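Read through the structure below, which is laid out as structure tokens, and then see the notes.
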Amino acid sequence: MALYSEKVMDHFLHPRNVGVIEDADGIGEVGNAKCGDIMKIYMKIDDDIITDVKFETFGCGSAIASSSMATEMIKGKPVSEALELTNKAVAEALDGLPAHKMHCSVLAEEAIKNALEDYQSRKKA
Ligand code: FES
């Protein structure tokens, strides 16, 4: 069996939502200390709905595929729903990741949570 699913390869080779949102309402950045990979997520949020989301990932193919899939999964969704997105759901949507690559999808979950926390703290300010 191939190590990576077709979906992983597709999102790695043709990542969706790559880029920066200049006037983002929430920005999340996380890194993995072990591999040194970094992921940054930008969100535009209107009335608690994520209207746009972009990412920059300096990392492995699984991290890029996970960010691409995760951003697709939360686009157009309410903040409350995006907060519930787990790395497991992202990996499942990609038709699985090899066990030693699961941590790459954790980066996507954490970056999204981080961006939403940033959004919520800005709202309070
Ligand atoms: Fe670091 Fe994948 S090996 S995120």
Side-chain angles (χ1 to χ4, degrees):
M1 202 187 95
L3 191 56
Y4 293 109
S5 73
E6 268 174 43
K7 272 198 194 156
V8 173
M9 289 311 292
D10 178 36
H11 280 263
F12 166 53
L13 294 171
H14 312 283
R16 306 357 172 221
N17 310 312
V18 175
V20 176
I21 299 176
E22 294 294 348
D23 56 344
D25 299 307
I27 299 175
E29 185 172 349
V30 289
N32 181 302
K34 273 196 197 139
C35 62
D37 292 351
I38 300 167
M39 192 182 291
K40 199 163 177 181
I41 295 214
Y42 304 81
M43 289 181 193
K44 200 75 202 144
I45 302 174
D46 206 6
D47 232 355
D48 276 349
I49 302 287
I50 300 166
T51 53
D52 199 12
V53 48
K54 295 234 182 292
F55 77 88
E56 291 176 307
T57 292
F58 183 79
C60 72
S62 300
I64 291 167
S66 296
S67 353
S68 170
M69 179 55 89
T71 51
E72 284 286 274
M73 289 169 88
I74 60 165
K75 212 189 220 175
K77 296 276 163 61
V79 167
S80 55
E81 228 175 278
L83 276 169
E84 280 168 17
L85 183 75
T86 61
N87 77 296
K88 234 180 126 229
V90 174
E92 270 166 25
L94 286 168
D95 290 339
L97 283 170
H100 68 286
K101 285 283 173 184
M102 275 308 276
H103 77 272
C104 316
S105 61
V106 173
L107 225 49
E109 178 189 326
E110 287 179 350
I112 287 171
K113 293 216 161 84
N114 236 303
L116 292 169
E117 275 164 24
D118 181 39
Y119 161 70
Q120 280 163 340
S121 66
R122 288 191 206 195
K123 234 179 34 170
K124 277 186 214 130

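Please read these numbers as outputs of a predicted model, since none were measured by experiment. Both ligands and their constituent atoms are indexed starting at 1 by order of listing.
For ligand 1 and Ala63, the ligand atoms under 4.0 Å from any heavy atom of the residue are 4 (S). Within ligand 1, the atoms closer than 4.0 Å to a non-hydrogen atom of Cys60 are 2 (Fe), 3 (S), 4 (S), numbered from 1 in the order shown.
Rounded to the nearest 0.5 Å, atoms NZ (Lys101) and SG (Cys60) are 3.5 Å apart.
Distances shorter than 4.0 angstrom occur between a heavy atom of Lys101 and an atom of ligand 1. Put simply, no part of Met39 is less than 4.0 Å from ligand 1, judged by heavy atoms.
Residue nearest to atom 3 (S) of ligand 1, selected from Thr57, Asn32, Asp37: Asp37 (by heavy-atom distance).
Because the distance cut-off is set at 2.8 Å, His103 fails to qualify as a neighbour of atom 2 (Fe) of ligand 1, as none of its N, O or S atoms comes that close. With a cut-off of 2.8 Å, atom 1 (Fe) of ligand 1 has no N, O or S atom of Cys104 in range.
The closest protein non-hydrogen atom to atom 1 (Fe) of ligand 1 is Cys35 SG, 2.1 Å.
Residues Val30 and Tyr42 do not share a hydrophobic cluster, defined by chaining ILVMFWY side chains whose heavy atoms lie under 4.5 Å apart. Met9 and Leu97 fall within a single hydrophobic cluster, where Ile, Leu, Val, Met, Phe, Trp and Tyr side chains are chained together by heavy-atom contacts under 4.5 Å.
A salt bridge links Glu109 to Lys113: one of the charged nitrogens lies within less than 4.0 Å of a carboxylate oxygen. A salt bridge between Lys123 and Asp118 is absent, with no side-chain N of the basic residue lying under 4.0 Å from a carboxylate O of the acidic one.
Screening Asn114, Ile27, Asp48, Ile50 for a side-chain contact (heavy atoms from CB on, under 4.5 Å) involving Tyr119 leaves a single residue, Asp48.
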